[in-house]
Structure formats: structure tokens, C-alpha cells
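No experiment lies behind these values; they were computed from the predicted model shown. Both counts, for ligands and for their atoms, begin at 1 and track the order of listing.
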Amino acid sequence: MRHLLYSILLIVAIAAAAFTIVGIPGHLSRKPPLEVFPDMDRQAKLRPAQPFDFFTNGLSSQLPPAGTVVRSSPVKTLNGEVYSYQDVPFNTGRVTGTTNFVALNPLPVGSALLQRGRGQFDIYCAPCHGGLGDGNGITKKLGVMPAVISLHDKRIIEMTDGEIFNTITHGKGLMGAYGPTVTAQDRWAIIAYTRALELSRLGSPDELSAEQRAALKK
Ligand code: HEC
């Protein structure tokens with residue numbers, strides 16, 4: 001009888017010890033777990049792109065290849081150089097160092113850019129804004145996007161190129177963001193083509209040369 005009692009007490013003691021060390025399954029605790037083996041939970045490491053006197057240029061990781069656009073917040077190397085997101089109108093649509101939109105397309109506008117812009121506009125914008133930019137795209141006919149603004153609207157005509165770039169990049173209201181799908185180069189090409197569409201309704205025959213006017217009359 002006494003042996004049985006001792007056996008039961010021993011089993012209870014072992015179980016209590018096991019739960020004390022291992023814990024109750026499913027029980028949450030804010031205290032750090034008992035660590036028999038460290039499991040590499042803690043180790044010496046360098047955080048990426050932070051100043052650290054490891055490489056000769058003073059950064060913990062090496063700089064990305066030339067031409068890569070840095071997206072992180074500015075990083076200052078021990079040499080005093082600052083690497084940051086390239087704050088230029090081409091990337092942001094804004095005057096460098098300010099939040100003001102640039103008035104004009106930073107790219108030189110020529111027929112190649114307009115052709116490219118037309119192709120990209122027809123793919124990405126025409127479904128809603130229409131091939132003419134008047135807001136009568138296929139989505140209106142289908143009734144899925146009823147109120148699409150006409151790009152011939154006075155407000156859009158007077159809008160700076162930089163603000164339109166911002167709208168294409170980040171979207172507005174029901175319009176989605178096209179920054180992730182359309183490259184910055186193509187967004188500026190689309191803006192150049194949008195201006196050409198606007199001009200197609202704003203221009204007057206007086207702006208043409210005599211020969212062009214003659215050709216138009218035919
Ligand atoms: C899925 C439909 C859709 C597509 C595709 C689309 N838009 Fe829009 N867009 C809209 C709608 C809807 C609005 C009105 C947004 C609002 O004010 O709620 C708008 C507004 C705009 C505006 C005016 C923004 C403002 O400040 O009022 C511009 C400029 C514009 N779009 C240009 C473009 C260009 C350029 C493209 C092609 C890259 C494009 N959109 C693609 C639906 C679309």
C-alpha cells in the first residue's frame with residue numbers, strides 16, 4: 001500500500017516538474033522561454049545599408065549597381081556621402097527638394113515619345129478615359145465605371161504635368177495607381193500624348209503653316 005502511494009506521489013512530482021519546465025501546451029507567456037540550446041536566436045549581425053565601419057566605404061552592405069533607384073530613407077556613409085531615393089522630377093513629378101509639382105514634362109517631347117505615349121495610353125488609360133480622352137471608354141458603355149472625368153476638362157488642361165504624373169503614379173478616387181505597372185518613362189510619354197489629345201481640340205488653323213492649312217482644306 002505504501003509503495004503504491006509513493007509511486008503515485010513520484011508520478012505527480014515528475015508531471016509537475018515537466019509542466020514547470022516545458023509549460024502547458026497552448027499556454028501563452030510573455031516571459032522568454034527556457035533556452036537549453038540557443039537555436040541561433042541571437043547573433044551578431046549588421047543591419048542592411050547602415051553606417052558601419054566594415055567595408056571601406058563605411059556601409060554595412062554594398063551599394064546597389066549603378067542605375068538602381070534607392071527606395072529607402074536617406075543613408076549617410078562615414079565618408080559623408082548621402083544615398084537616397086533619387087529626388088528628381090523624372091521620378092517624383094515634383095521640383096527637387098520641394099513638394100511643388102513641376103509644370104512641364106522633364107523629357108524632351110518628340111514624335112517617338114508621342115508614339116510611345118499613344119500606345120501606352122491606348123492600353124492603360126483608354127478603357128476608362130476613351131481613345132480620345134473624353135471619358136467615354138468601354139467601361140462607361142459597360143456601366144462599370146460611370147463617372148470618368150474627361151481629360152479635355154478645363155481643370156485637367158490647366159493641371160501641371162507633375163500633378164498628372166502624381167495621379168497616374170498613385171491613382172485618385174476610383175482610378176487605380178499605375179506607378180507599379182507603367183514605367184516612369186512611359187508615364188511621361190502618356191502625359192505628352194494626353195497634352196497632344198487636348199491640343200487636338202484647342203488648336204486653331206491659324207497655328208498651322210500655309211501648306212498645312214492647304215492640306216487640311218483638301
Ligand atoms: C479603371 C478606370 C481608369 C483608368 C484605367 C484610368 N483612369 Fe484616370 N480616372 C478614372 C476616374 C474614375 C477618375 C476620376 C477620379 C476621381 O476624382 O474620383 C480619373 C481621373 C483622372 C485624372 C484627373 C485626376 C484629378 O486630379 O482629378 C487624370 C489626369 C487621369 N485620370 C489620367 C489617367 C491616365 C493618364 C490614365 C492611364 C495611365 C488613367 N487615368 C487611367 C478612371 C480611370
For this session: Quick one: list whatever passes side chain to side chain contact (heavy atoms under 4.5 Å, CB included) with Leu114, sequence neighbours left out.
Result: Val109, Ala192, Ala196
Problem set entry | Residue-ligand contact Ile156/ligand 1, heavy atom below 4.0 Å | yes
For this session: Just let me know how Arg155 lines up against ligand 1, side chain, backbone, both or neither, with a heavy-atom cut-off below 4.0 Å.
Result: side chain
Problem set entry | Ile190 to ligand 1, any heavy atom closer than 4.0 Å | yes
For this session: Verify the cluster assignment for Ile164 and Tyr124: are they in a single hydrophobic cluster under the rule of side-chain heavy atoms below 4.5 Å apart?
Result: yes
Exercise. Which of the numbered atoms in ligand 1 are below 4.0 angstrom from a heavy atom of Leu174?
Worked result: 12 (C), 18 (O)
Exercise. Where's the contact between Leu151 and ligand 1, heavy-atom distance under 4.0 Å: side chain, backbone, both or neither?
Worked result: side chain
Seminar exercise, completed: One finds that the ligand 1 atoms under 4.0 Å from a non-hydrogen atom of Met159 are 25 (C), 26 (O)
Problem set entry | Pairwise side-chain contact, Met145 with Leu174, heavy-atom cut-off 4.5 Å (strictly under) | yes
Exercise. So among Ile191, Asp186, Leu107, which one has a side-chain contact (heavy atoms from CB on, under 4.5 Å) with Leu113?
Worked result: Leu107
For this session: Using a 4.5 Å cut-off on heavy atoms from C-beta on, say whether the side chain of Asp161 contacts that of Trp188.
Result: yes
Problem set entry | Numbered atoms and elements of ligand 1 in range of Met145, under 4.0 angstrom, heavy atoms | 1 (C), 2 (C), 12 (C)
Exercise. Is ligand 1 less than 4.0 angstrom away from at least one heavy atom of Glu163?
Worked result: no
For this session: Indicate yes or no: at least one non-hydrogen side-chain atom of Ile149 is less than 4.5 angstrom from one of Met175.
Result: no
For this session: Return yes if some donor-acceptor pair links the side-chain N/O of His152 with the main-chain N/O of Leu202 below 3.5 Å, else return no.
Result: no
Exercise. How far is atom 18 (O) of ligand 1 from its nearest protein heavy atom, and which residue and atom name does that atom have?
Worked result: Gly173 CA, 3.5 Å
Problem set entry | 4.0 Å heavy-atom contact, Ala147 with ligand 1 | yes
Problem set entry | Cut-off under 2.8 Å, centre atom 8 (Fe) of ligand 1, protein N/O/S atoms | His129 NE2, Met175 SD
For this session: Determine whether Ile190 and Thr194 make a side-chain contact, defined as any pair of heavy atoms from C-beta on separated by less than 4.5 Å.
Result: yes
Exercise. Is Arg187 reaching over with its side chain to a backbone N or O of Val182, donor-acceptor style, under 3.5 angstrom?
Worked result: yes
Exercise. Side-chain contact, heavy-atom cut-off 4.5 Å: Gln185 with Phe90?
Worked result: yes
Exercise. Any side-chain heavy-atom pair from Asn105 and Arg195 closer than 4.5 angstrom?
Worked result: no
For this session: Identify the protein heavy atom lying closest to atom 5 (C) of ligand 1, giving its residue, its atom name and the separation to 0.1 Å.
Result: Tyr178 OH, 2.8 Å
